[in-house]
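Chain letters run A, B, ... following the sequence lines, proteins first, then strands; residues in each count from 1.
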Amino acid sequence: MSDLEDLYREIILDHYRSPRNSGELEPPAHKAEGFNPLCGDEIVVYLQLDDDNTIADIKIGGQGCSISQSSASMMSAAVKGKTVEQAQELMGSFKGLMSIADKGEELAEPTPAEIRELGDLAALRGVVKFPTRIKCATLAWNTLDQAISETQSAD
Amino acid sequence: MTTPDFAALKKDFPILQTERHGKPLVFLDSAASSQRPQQVLDAMDYAYTHAYANVHRGVYGLAEAATNAYESARLKVARFIGAPDSSEVIFTKNATESLNLVAGSWGRANLGPGDAVVLTMMEHHANIVPWQMIQAEKGFEIRWIPLGDDGKLDLTELDTLLDGAKLLSVASMSNVLGTINPLDQLIEAAHRAGALVCVDACQSVPHMETNVAEMGADFVAFSGHKMLGPSGIGVLWGRMELLEQMPPFLGGGGMISNVTTDGFMPDAVPSKFEAGTPPIVEAVGLGAAIDYLESIGMDAIRQHEIELTAYAMRALSERLGDSVTIHGPSEPSERGGVLSIDLEGVHAHDVSQILDSHGVAVRPGHHCAKPLMKELGVNATARASFYLYNDTSDADALVDALADAQSFFAP
Ligand SMILES: Cc1ncc(COP(=O)(O)O)c(C=O)c1O
């Protein structure tokens, strides 16, 4: 697989073309905006928590490239219904994936363990071969992190 | 003068002989920073090897040689931009610093509540943020000349916007739209209203004849790295009467005539504005870049870029039809060789990634002009920009790569 095909896997393009959970939530849902100052990508995360700290609903707004948009879509699908703690754990795993140094051929396919843990998100691992795009892939997660902090400070 | 052979110029630029992803580099990002010819690299190499010491202070031969080289670069810049007096040429680190100098020195000394500075909606952040920083301190008003049709400024309310303003600061050419602004009209109107004019000439000085005396502006800023020179050097030209009245911008060595425990006396212009060790070898490189540009001729360069821009615009619309939008003026002679491209269904960042795999270097993003991008209703474009070393084969490579990006992302 070429680096480019590895970057733009079919599943990424699918999330880009039909983003999951796109839209807005009205207050009291929490809202956070993230910007990628390099390229102008914007992500808005709307977050609705239950009393037991479960992500009852999440919506994604904003605009950006296929990597930032598909990452946001995958992120929203992955954290919906999870507790905040579980979402934060997933964030840690995802950021870990993004900080893997170039492993050459090994990068071509996600390991079964990664697939189990990250699901569709593992498809984004090709991004690490393109360092300038890592910020695109992590933007949604950083924005989710901000939104979570907002819910905590609001309490 | 015979027409220069632009196709042969590429061989002067070592980096243009290199490959990216196994394909010849097609460099279309000169609006961000140009490449430099061997002549510039050699001049800088020679200066470091044979004529380097700090300037202005040593009495030994080498220091004198370095000072002469630095000062003769100032003379070259002055001649190149038609400055009446070479002391009006101030070396800075880039156009951003030049504009900060105008805002920080002239602006801080002359602006206050009740005053206004007029900018346009197509300014680079370098001609917005310095004014906003001084505004936060001094509390004047910033007014904006709006965008009109075809990527041009809407000047219908110009006189009202300039009424009572102290300064108009405007780009000579937009780095996003390529629009060449009507400086004659703008400067005439501003001066009639009693306002000074600062021109951000970053995108025009490298590409067309500039004569600051004929232009009639009060300040003109540009960068060396966009005109075949090295990074780390910029220029501010200003009218001597103004520069003489302005307080220093940065303080330190080189900008004083005397210092005591009680205070300092600034030196004369231009030293007053050149605190610390200046970009010495960068000035030499910029001088060599000017020699190179002059050996080709600025009018010939402008003509070449108009033809190449027209060719590329035609090829893009023939190949990609309505799925491609090029922001800015539709008439090539009214714009520079800067094409901000929207490709339907493909984000600028992805466009640039696919183009890179073809060896084609373009820039995605907001190009440091976020207010303009908001006005255009886009958050990013892919920008291809031409310079004297580009030719129709580069435009063809751009169009081929864009067609590939489109089919790659086709649903
Ligand atoms: C119109 C315009 N103004 C200002 C700048 C800032 O130039 P520099 O980054 O060299 O200071 C640029 C370059 O990016 C520009 O295109």
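Annotation for B/Glu19: atom CD counts as buried by contact number, over 12 foreign heavy atoms lying within 6.0 Å. Other residues, nucleotides and ligands contribute over 12 non-hydrogen atoms within 6.0 Å of the CE atom of B/Met121. Heavy-atom neighbours of B/Asp322 CG from other residues, nucleotides or ligands within 6.0 Å: at or below the threshold of 12. Annotation for B/Arg363: atom CZ does not count as buried by contact number, only 12 or fewer foreign heavy atoms lying within 6.0 Å. Residue-environment remark: NZ (A/Lys135) stays at or below the threshold of 12 foreign heavy atoms within 6.0 Å.
Interatomic distance, CG of A/Asn36 versus NE2 of B/His366, reported as 8.0 Å (0.5 Å rounding).
Contacts between residues 347-361 of chain B and chain A, defined by a heavy-atom separation under 4.5 Å, are made by B/His347, B/His349, B/Asp350, B/Gln353, B/Ile354, B/Ser357. Among residues 367-385 of chain B, the residues having any heavy atom closer than 4.5 Å to a heavy atom of chain A are, in sequence order, B/Lys370, B/Asn379, B/Ala380.
Looking at every heavy atom in both residues, A/Leu4 comes nearest to B/Phe408 through O-CZ, 4.3 Å. In terms of heavy atoms, B/Gly345 sits closest to A/Tyr16 at O-OH, 4.0 Å.
Residue A/Asp14 does not touch chain B at all, counting heavy-atom pairs closer than 4.5 Å.
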